[in-house]
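Residue numbering restarts at 1 for every chain, and letters A, B, ... go by the order of the sequence lines. A quick note: this is a predicted structure, and the numbers were derived from the prediction, not measured.
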Amino acid sequence: MVMFPHCYFNRCIGKYGLLALSHSKLKTLRCFLFAAKYGTGLAPCAFTESNMAESQDWNPATAPFTGVLQDEDLLRTTHISSSDVSSSSTGLYVLDLINCGSLEPERTLYSKMLNKCTYLRKLKQGRAIHAHIQSSAFENDPVLLNFILNMYAKCGSLEEAQDLFDKMPTKDRVSWTVLISGYSQSRRASEALALFPKMLHLGFQPNEFTLSSLLKASGAGPSDDHGRQLHAFSLKYGYDMNVHVGSSLLDMYARWGHMREAKVIFKSLAAKNVVSWNALIAGHARKGEGEHVMRLFSQMLRQGFEPTHFTYSSVFTACASSGSLEQGKWVHAHVIKSGGQPIAYIGNTLIDMYAKSGSIKDAKKVFQRLVKRDIVSWNSIISGYAQHGLGAEALQLFEQVLKAKVQPNEITFLSVLTACSHSGLLDEGKYYFELMKKHGIEPQVAHHVTVVDLLGRAGRLNEANKFIEEMPMEPTAAVWGALLGACRMHKNMDLGVYAAEKIFELDPHDSGPHVLLSNIYASAGRLRDAGNVRKMMKESGVKKEPACSWVEIENEVHMFVANDDSHPMREEIQRMWEKISGKIKEIGYVPDTSHVLFFMDQQDREVKLQYHSEKLALAFAVLKTPPGLTIRIKKNIRICGDCHSAFKFASKVLGREIIVRDTNRFHHFLHGMCSCRDYW
DNA sequence: TTAGGGTTAG
């Protein structure tokens with residue numbers, strides 16, 4: 001019933017502009033769309049009648065249509081409403097042609113339209129095409145049914161997909177695979193995995209497509225036998241050498257945190273591609289293994305693989321986690337030089353990388369230049385400001401979120417509350433805690449932790465305790481930990497002991513609260529109780545995490561451990577610290593030994609203090625960098641009170657900015673002051 | 001016809 005002439009001709013037809021028809025069905029479809037485009041007043045096409053004539057030898061790869069017709073154009077064919085459709089036979093959209101009965105679509109046309117809907121996630125139009133097919137000769141066509149199934153599954157309507165699947169008169173391996181991948185991609189892993197034994201039972205063998213989807217689902221959960229069975233299955237049938245299955249396998253192990261196995265699979269892959277690299281790099285990035293990530297990134301470049309935005313995201317995440325500003329900048333420059341990657345895809349990770357590496361200025365710059373901001377962009381920059389103690393700026397940005405009519409989420413509010421907490425904005429914190437409920441977001445445990453922290457720091461210890469008692473959920477160790485920290489700060493022994501006991505019940509193996517409690521006792525002069533806590537730690541095998549600091553010099557990260565004698569430059573480092581120490585004592589620094597184990601004598605305590613890892617890192621950085629340069633140090637626990645005081649004086653004596661990132665926040669030391677205003 | 005990789009908090 002095709003009414004198109006099977007010949008070539010190009011014409012100008014009234015308001016529809018240039019119209020070309022040809023014998024190729026696909027081409028005909030495109031030509032009609034081209035006409036439709038003119039008819040609806042969309043941007044005119046950028047070619048003329050003359051180059052249209054040249055297109056008689058039309059090649060899809062070089063056709064002048066390329067770049068003119070967008071996916072959206074093809075989708076227009078799926079609008080069934082007649083309101084914007086001319087009755088002129090030349091101007092009808094393809095689907096209207098179908099509607100009029102003047103065009104009997106072939107299977108290919110239906111499948112192409114379904115695929116477009118799938119690609120563009122246009123569920124409504126997909127349903128319309130489904131309805132068409134139901135009243136056509138292809139109602140029970142198994143291949144078309146798979147296309148429809150795929151459309152529902154990828155558009156996220158798993159209920160419609162499952163319903164169609166259940167009713168399909170004939171299912172094949174592709175039908176099973178499509179449904180499995182639908183569940184897997186919608187993060188409904190258990191439903192995806194549950195289909196596997198069923199399909200096997202009915203005699204359908206999975207192929208490489210099925211296995212990739214199943215492995216993805218498996219990687220979403222905890223390490224288990226099902227995933228290993230899938231691995232065995234892939235090996236048995238030789239699918240492990242397929243690059244998709246292989247990459248999914250290594251990704252599964254990487255998500256489980258089993259990097260050794262992931263690496264073995266990666267190495268065994270004969271045909272690696274960029275996805276294989278990305279999966280491995282992402283695995284190391286998730287574990288915070290920055291050095292591994294940088295090494296792999298360089299390797300992939302050397303081997304001629306072009307990084308994608310997935311790669312860059314992982315690399316920036318790794319730089320953020322290790323706080324490697326120089327490396328992060330180097331990779332950023334690489335992105336710009338390579339020119340291929342739109343910054344929009346990696347902008348959020350860039351903001352986070354700069355904020356976490358201590359350069360909030362660069363984070364702000366990237367944020368301001370983002371063409372498209374989503375809630376993750378806002379959260380990243382707000383959280384950045386919060387961590388740097390720039391509470392007022394963070395709150396200003398949050399107001400902009402509301403003004404821009406972007407819907408804040410639970411992370412936005414957590415960042416806002418953290419900003420209040422780190423800047424001592426008590427009333428504002430209370431206000432935003434209530435506001436989040438008005439936005440329909442129920443505060444989770446983490447939000448409660450932040451409020452306890454906020455109240456506790458402000459010295460409102462009883463109020464904080466009451467707040468915990470009234471929590472709608474069971475308080476976790478973190479909630480009591482926030483109270484305990486505040487008790488240490490405000491020297492409230494009774495409440496501190498109470499909070500510590502709660503923590504020991506919930507999380508007996510964490511060393512942090514033990515140390516805090518022991519220090520609370522010690523500062524109250526109750527040395528025997530303090531000793532008992534230490535004894536308890538020893539007996540129950542609770543170990544204090546060794547304190548480490550890192551400093552990045554010329555693209556290389558150097559690690560320092562307290563009282564470490566093994567460093568090749570230890571003597572120079574120690575001499576340098578003694579020099580700094582002497583100078584800062586001259587302008588008022590007094591070592592505060594209350595931060596060192598109480599059972600040492602005063603002199604020992606002072607010696608111990610001198611070799612705290614952050615002091616060693618600072619001395620090393622002073623030795624290795626030119627005067628005036630900002631020094632950035634990262635620490636794995638919170639900076640101690642004595643180092644905090646010493647660094648304030650040191651920033652004055654050295655005439656440099658010193659930025660310390662501890663587990664809680666950033667401290668910018670400059671001209672003898674710290675950005676946290678001693679409030680941390 | 002069907003498949004695999006990234007980002008914000010604590």
Side-chain angles (χ1 to χ4, degrees), chain A residues 107-108 110-112 114-115 118 141-151 153-154 172-182 184-185 206-217 219 239 242-252 254-255 273-283 285-286 307-318 320 341 344-353 355-356 374-384 386-387 408-419 444-450 453 476 478-479 481-482 663-664:
Chain A
R107 221 163 61 163
T108 327
Y110 274 136
S111 62
K112 284 196 182 301
L114 281 166
N115 259 1
T118 307
D141 184 288
V143 173
L144 271 187
L145 282 173
N146 282 342
F147 270 107
I148 301 166
L149 185 67
N150 191 38
M151 181 273 297
K154 296 298 182 304
D172 57 15
R173 173 158 73 177
V174 175
S175 327
W176 284 91
T177 304
V178 165
L179 194 61
I180 288 172
S181 78
S184 169
Q185 289 179 12
N207 61 10
E208 63 270 40
F209 291 80
T210 331
L211 286 168
S212 304
S213 293
L214 287 165
L215 288 165
K216 179 185 165 84
Y239 285 124
N242 172 281
V243 70
H244 287 267
V245 176
S247 302
S248 308
L249 260 174
L250 92 83
D251 183 55
M252 176 181 78
R255 281 175 196 277
N273 65 12
V274 70
V275 179
S276 332
W277 283 95
N278 288 351
L280 187 66
I281 289 177
R286 274 189 294 265
T308 65
H309 62 271
F310 289 96
T311 330
Y312 288 122
S313 289
S314 294
V315 173
F316 288 133
T317 301
Q341 293 296 315
Y345 288 115
I346 50 171
N348 295 343
T349 40
L350 260 177
I351 295 171
D352 188 48
M353 183 274 288
K356 290 218 176 92
D374 58 16
I375 191 62
V376 178
S377 331
W378 288 99
N379 290 351
S380 305
I381 190 73
I382 292 175
S383 147
Q387 283 162 10
N409 62 17
E410 66 278 9
I411 298 175
T412 324
F413 279 103
L414 195 56
S415 307
V416 166
L417 291 172
T418 308
Q444 297 155 4
V445 179
H447 299 96
H448 286 86
V449 173
T450 318
D453 192 62
T476 57
V479 177
T663 40
N664 205 32

Could you tell me how far apart [X] ([atom1]) and [N] ([atom2]) are, to the nearest whole angstrom?
{"X": "L350(A)", "N": "dG6(B)", "atom1": "CG", "atom2": "P", "value": "18 Å"}
{"X": "K112(A)", "N": "dT1(B)", "atom1": "NZ", "atom2": "P", "value": "8 Å"}
{"X": "I351(A)", "N": "dT8(B)", "atom1": "CD1", "atom2": "C1'", "value": "9 Å"}
{"X": "N664(A)", "N": "dA9(B)", "atom1": "CG", "atom2": "P", "value": "13 Å"}
{"X": "K154(A)", "N": "dT1(B)", "atom1": "NZ", "atom2": "C1'", "value": "10 Å"}
{"X": "M252(A)", "N": "dA3(B)", "atom1": "CE", "atom2": "C1'", "value": "15 Å"}
{"X": "L250(A)", "N": "dG5(B)", "atom1": "CG", "atom2": "C1'", "value": "9 Å"}
{"X": "W378(A)", "N": "dT8(B)", "atom1": "CH2", "atom2": "C1'", "value": "14 Å"}

Does one side chain, of [X] or [Y], offer a donor that lies under 3.5 Å from an acceptor on the other?
{"X": "K154(A)", "Y": "S181(A)", "result": "yes"}
{"X": "T311(A)", "Y": "N278(A)", "result": "yes"}
{"X": "N379(A)", "Y": "S415(A)", "result": "no"}
{"X": "T412(A)", "Y": "N409(A)", "result": "yes"}

Looking only at side-chain N and O atoms, does [X] come under 4.0 Å of OP1 or OP2 in [N]?
{"X": "R255(A)", "N": "dG6(B)", "result": "yes"}
{"X": "T317(A)", "N": "dG6(B)", "result": "no"}
{"X": "Q387(A)", "N": "dG10(B)", "result": "yes"}
{"X": "K356(A)", "N": "dA9(B)", "result": "yes"}
{"X": "R173(A)", "N": "dT1(B)", "result": "no"}
{"X": "T311(A)", "N": "dG6(B)", "result": "no"}
{"X": "Q444(A)", "N": "dA9(B)", "result": "no"}
{"X": "K216(A)", "N": "dG5(B)", "result": "yes"}

Base [N] paired with [X] side chain (donor-acceptor, <3.5 Å):
{"X": "T308(A)", "N": "dG5(B)", "value": "yes"}
{"X": "N273(A)", "N": "dG4(B)", "value": "yes"}
{"X": "S212(A)", "N": "dG4(B)", "value": "no"}

Given [options], which nucleotide is nearest the side-chain atoms of [X]?
{"X": "S276(A)", "options": "dG4(B), dT2(B), dT8(B)", "value": "dG4(B)"}
{"X": "N150(A)", "options": "dG5(B), dA3(B), dG4(B)", "value": "dA3(B)"}
{"X": "F209(A)", "options": "dG5(B), dA3(B), dG6(B)", "value": "dA3(B)"}
{"X": "D172(A)", "options": "dT2(B), dT1(B), dG6(B)", "value": "dT1(B)"}
{"X": "N278(A)", "options": "dG5(B), dG4(B), dG6(B)", "value": "dG5(B)"}

Remember a base hit wins even if backbone is also touched, and classify [X] as base, sugar-phosphate or nothing at under 4.0 Å, heavy atoms.
{"X": "E410(A)", "result": "nothing"}
{"X": "T349(A)", "result": "sugar-phosphate"}
{"X": "V274(A)", "result": "base"}
{"X": "V243(A)", "result": "base"}
{"X": "S248(A)", "result": "sugar-phosphate"}
{"X": "D374(A)", "result": "nothing"}

Check your understanding: Going by ring centres under 5.5 Å and near-parallel planes (under 30°), is F310(A) stacked on dG6(B)?
Key ->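 By the stated criterion, F310(A) and dG6(B) do not stack.
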Practice item. Could you tell me whether the side-chain ring of H244(A) sits stacked on the base of dG4(B), using a centroid cut-off under 5.5 Å and a plane angle under 30°? Key: no
Study note, to complete from the structure: Taken in chain and number order and not counting sequence neighbours, the residues that satisfy side-chain hydrogen bond (donor to acceptor under 3.5 Å, both in side chains) with R255(A) are D251(A)
Point to revise | Residue pair D374(A), S377(A): steps toward the side-chain hydrogen bond (donor to acceptor under 3.5 Å, both in side chains) verdict | key: CA-CA 5 Å; D374(A) 58 16; S377(A) 331; 2.8 Å; yes
Practice item. Run the numbers on S175(A) and D172(A) for side-chain hydrogen bond (donor to acceptor under 3.5 Å, both in side chains), then give the verdict. Key: CA-CA 5 Å; S175(A) 327; D172(A) 57 15; 2.8 Å; yes
